[in-house]
Undergrad: 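Pasting a structure below so you can have a look.
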Amino acid sequence: MDNTPYSFLVSLNNPVPASDPLSLGLPPDAEMGSTIRLSTARRPEDTPLARVFAARSAQPWTRAAPSPFWIHDGPGARPWCSVHPAAPGVHDVHAVDGTHLARISRRAGRLLPWPRRVRWSAQFMDTPLPVTGAEGTWYSWLAYVVTAPLWFLFALCATVYAYFDGTTDDYTFKRPVRTRWRGRGTGTLLDYRGVSRLYRFDPRGLDARVAYALAILRTREGKG
């Protein structure tokens with residue numbers, strides 16, 4: 001990949017045991033459970049940008065009990081970095097040689113005493129300037145609040161209808177999730193769009209290893 005911006009997605013797959021995991025610096029029971037693919041790669045046999053491994057013996061990932069994972073280069077199958085929980089809502093990204101690349105933090109949102117969006121940040125070890133992104137744009141949250149009563153009424157009616165009809169469709173009103181990570185003076189470096197579930201990435205201002213770690217954590221957060 002060159003420095004041209006591109007779009008990718010995080011695919012959650014059925015776990016596949018890693019071949020010779022110890023030689024790759026992985027746990028003995030490591031398995032590949034996710035891949036990072038170009039948005040244009042539609043076939044399963046297309047080589048992914050990266051492969052994501054985790055230990056089979058680790059607990060299933062949750063916000064309360066996160067587990068470490070390892071990111072390997074897709075085309076070359078080389079180890080790229082590892083991501084380890086450091087504290088609640090905090091993960092450290094390490095290079096293959098153990099160098100501390102960045103610390104990723106998630107600050108929870110809240111309604112009281114004043115509204116606050118969920119905020120993600122990546123603090124790099126070699127610069128004091130972080131990359132930050134809040135979930136949902138201000139205008140999407142404004143529309144969310146203004147139209148919430150209508151959606152609530154629709155969801156209530158749909159739930160009652162589903163009860164008698166036997167359907168299992170999800171009619172819940174999803175909160176805004178678009179997340180744009182920006183750095184000071186660099187503009188948007190990573191842009192997650194919740195509808196398409198695509199990440200638009202500009203590698204000229206952000207290490208791909210940190211960008212992929214952010215995307216994996218953000219995707220897992222949405223599933224957890």
Undergrad: Does some side-chain heavy atom of L49 sit less than 4.5 Å from a side-chain heavy atom of L38?
TA: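 SC-SC contact between L38 and L49 confirmed.
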
Undergrad: Any chance CG of N14 has more than 12 other-residue heavy atoms, nucleotides or ligands included, within less than 6.0 Å?
TA: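 Atom CG in N14 is not packed in, count stays at 12 or less.
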
Undergrad: Assess, by modelled atom type and distance only, whether the side chains of D202 and T188 contain a donor and an acceptor separated by less than 3.5 Å.
TA: no

Undergrad: Side chains of R37 and D46: does their closest heavy-atom pair fall under 4.5 Å?
TA: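 Yes, side chains in contact.
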
Undergrad: Does the separation of the ring centres of Y199 and Y212 fall below 6.0 angstrom?
TA: no

Undergrad: Taking the six-membered ring for Trp, are F53 and F69 closer than 6.0 Å centroid to centroid?
TA: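 No - the distance between ring centres of F53 and F69 does not fall below the 6.0 Å cut-off.
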
Undergrad: Verify the cluster assignment for V83 and M32: are they in a single hydrophobic cluster under the rule of side-chain heavy atoms below 4.5 Å apart?
TA: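 Different clusters.
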
Undergrad: Is there any ring-ring contact (aromatic ring centres under 6.0 Å, His included) pair reaching into residues 31-51, and which pairs are they, with sequence neighbours excluded?
TA: none

Undergrad: If only side-chain N and O atoms count, and only distance matters, is there a donor-acceptor pair under 3.5 Å linking T40 with Y6?
TA: no

Undergrad: Can you list the steps and then say if Y192 with W181 is a ring-ring contact (aromatic ring centres under 6.0 Å, His included)?
TA: CA-CA 9 Å; Y192 171 66; W181 285 270; 7.5 Å; no

Undergrad: Within the structure provided, determine whether W80 and H72 are in side-chain contact (heavy-atom separation under 4.5 Å).
TA: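 The answer is no; the side chains never approach within 4.5 Å.
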
Undergrad: Any sub-3.5 Å donor-acceptor pair from R116's side-chain atoms to A108's backbone N or O?
TA: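 Judged by distance alone, yes, a pair lies under 3.5 Å.
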
Undergrad: Report yes or no: do T99 and D97 form a side-chain donor-acceptor pair below 3.5 Å?
TA: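 D97 and T99 do have a side-chain donor-acceptor pair below 3.5 Å.
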
Undergrad: Establish, yes or no, whether a centroid distance under 6.0 Å links the rings of H94 and W70.
TA: no

Undergrad: Going by distance alone, is a donor N or O of one side chain under 3.5 Å from an acceptor N or O of the other, for W120 and E221?
TA: no

Undergrad: So, D29 side chain and A55 main chain: donor-acceptor pair closer than 3.5 Å or not?
TA: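 The answer is no, because no donor-acceptor pair under 3.5 Å joins these two groups.
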
Undergrad: Is there a side-chain contact between V131 and R182, using heavy atoms and a 4.5 Å cut-off?
TA: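 V131 does not reach R182 side chain to side chain.
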
Undergrad: Which hydrophobic side chains are connected to L9, either touching it within the sub-4.5 Å cutoff or through other members that do?
TA: L198

